[in-house]
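We name chains A, B, ... by the order of the sequence lines, and we start the count at 1 in each one. Values below: all heavy atoms of this structure, side chains included; hydrogens, waters and symmetry mates excluded.
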Amino acid sequence: MRCRKARANLQALLDGALPASDEARLRDHLAACEPCRGHLNSLRLVDEALSTQPEAEPRPELAPAIMAHARAQRGRRRPLVPIWLEGWTLASAALGLAACGLAASRFLPAAGLPDELAVQASGLLPVALVAAFGLFGVWYYRA
Amino acid sequence: MIAALARSANLALLALGGRTSDDDTALVARAREGDPSGFDEIVRRHHKRVYTLAYRMLHHPEEAEDVTQEAFLNAYQRLSQLREAESVGAWVCRIASNLCLDRLRSPRRDTEVPMPSPDLAPADPADDDEGTSETVERIRAAVAELPPKYRLAVVAYYLRGHTYEEAARLIGVNVRTFKTHLYRARQRLIAMLKDSTQARGEPP
Ligand SMILES: [Zn+2]
């Protein structure tokens, strides 16, 4: 094993993530290579210094401030319909139904059009409207 | 429709029940149903970890508080997009990580917030009791000198006894990238340690 490869494996050894077969070969290298042993010691120093670092303490006001902001945010965005049916779902369904009715009353009796075309047109318009409105709803709620 | 599907998927997950953190899952469900106390508890439970991450990235208490708050509010707004409700804490950490990187990469930052030099960095008051050695202090302070993405890898890994996989998920990179960043960060820390030791004329 060369030093380059050994150094790459030292990190895994330190983190307990080195397979046993690699570990045996690394130990052989370490026994024979002083610079790599020194490197492992430095890594251990770094690891110890960072893993014993205590958590930082925020001011006690931080958590209540976040909660208050979240409540204020919620007040601004409160949905008008029950939570299981978000505003845009309901609105797009209603708009779709209205568009269906409108399209049917307009296109179906049109004398100049073949029946199949009229049916197609009456189907496509509401679909397009619902899709557009639905996309707008998704955008609004994600923004 | 998408949100409704996501919600039923989460209800299904809820029914299956996570072992370690189904409390978090329940809290997320409550918050989604409009119960603000659910989100309060999420904040109470996870804000110290998010703050610690931000503080170790930015080395500035007020900025760390700003990032912590922004991350939670961001998460609150997008709660319906969270797929794994049991890892809401990690999710907020990931949002905070990105906010920290944005701040560190902002061109205005260099002039506004000078990074503390390792020698001037104040010691953590909690350390005094434990009689922390000078070397330990120097190593901890040197983290502030690392390039942001390497710093983030180190901070995430040592945040709370993590595995590579958990730490990588915490900051939103793949495991391979994470290992490379952690490796380079440690190499640099060792090099900095050697430099400062030599500069003081101490034996290595
Ligand atoms: Zn070697």
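Contact detail for B/R140 and A/P54: the closest heavy-atom pair is NH1-CD, 4.1 Å. Taking every heavy atom of both residues into account, B/Y51 and A/A56 meet most closely at CE2-CB, 3.8 Å. The shortest non-hydrogen separation linking A/A17 to B/Y164 is CB-CE1, 3.7 Å. In plain terms, the two heavy atoms of B/Y183 and A/R7 that are nearest each other are CE1-O, 3.5 Å. Taking every heavy atom of both residues into account, A/P58 and B/K48 meet most closely at CD-CG, 4.0 Å.
Residue with the most contacts toward chain A among B/T163, B/T68, B/L193: B/T68 (heavy-atom pairs, distance under 4.5 Å). No other option in B/I42, B/L159, B/I190 has as many heavy-atom pairs under 4.5 Å with chain A as B/I190. Your options are A/P64, A/A65, A/A8, and the one with the most heavy-atom pairs under 4.5 Å with chain B is A/A8.
Checked by atom type and distance alone, the side chain of B/T52 never pairs as donor or acceptor with a backbone atom of A/E55 at under 3.5 Å.
Neither the backbone nor the side chain of B/V155 comes within less than 4.5 Å of any heavy atom in chain A. With a 4.5 Å cut-off on non-hydrogen atoms, A/L62 touches chain B through its side chain but not through its backbone. Residue B/F39 touches chain A through its side chain alone, counting heavy-atom pairs closer than 4.5 Å. If you measure heavy-atom distances from B/P61 to chain A, you find no contacts under 4.5 Å at all. If you measure heavy-atom distances from B/Q187 to chain A, the contacts under 4.5 Å come from the side chain alone. For B/L73, the parts lying under 4.5 angstrom from a heavy atom of chain A are both the backbone and the side chain.
Residue A/E48 qualifies as open at atom CD: its count of foreign heavy atoms under 6.0 Å is 12 or below. Heavy-atom contacts from other residues, nucleotides or ligands closer than 6.0 Å to CD of A/E34 number 12 or fewer. Annotation for A/R44: atom CZ does not count as buried by contact number, only 12 or fewer foreign heavy atoms lying within 6.0 Å. Heavy-atom neighbours of B/R94 CZ from other residues, nucleotides or ligands within 6.0 Å: above the threshold of 12.
For residues 35-43 of chain A, a heavy-atom distance under 4.5 Å to chain B picks out A/H39, A/S42, A/L43, given by residue number.
Atom CE in A/M67 sits 11.5 Å away from atom CD in B/Q69 (nearest 0.5 Å). Atom NE2 of A/H69 sits about 14.5 Å away from atom CZ of B/F72, to the nearest 0.5 Å.
A salt bridge links A/R59 to B/E65: at least one charged side-chain nitrogen sits closer than 4.0 Å to a carboxylate oxygen. Between A/D15 and B/R186 there is a salt bridge, since at least one side-chain N of the basic residue sits less than 4.0 Å from a carboxylate O of the acidic one.
A/L50 has its side chain out of reach of B/R56: every pair of non-hydrogen atoms, C-beta onward, lies at least 4.5 Å apart.
Between A/L45 and the options B/L189, B/V136, B/I139, a side-chain contact (heavy atoms from CB on, under 4.5 Å) holds for only B/I139.
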**OP:** Go through the steps to decide whether B/Y158 and A/Q53 satisfy the test side chain to side chain contact (heavy atoms under 4.5 Å, CB included), and finish with yes or no.
**Re:** CA-CA 8 Å; B/Y158 289 106; A/Q53 198 170 11; 5.8 Å; no

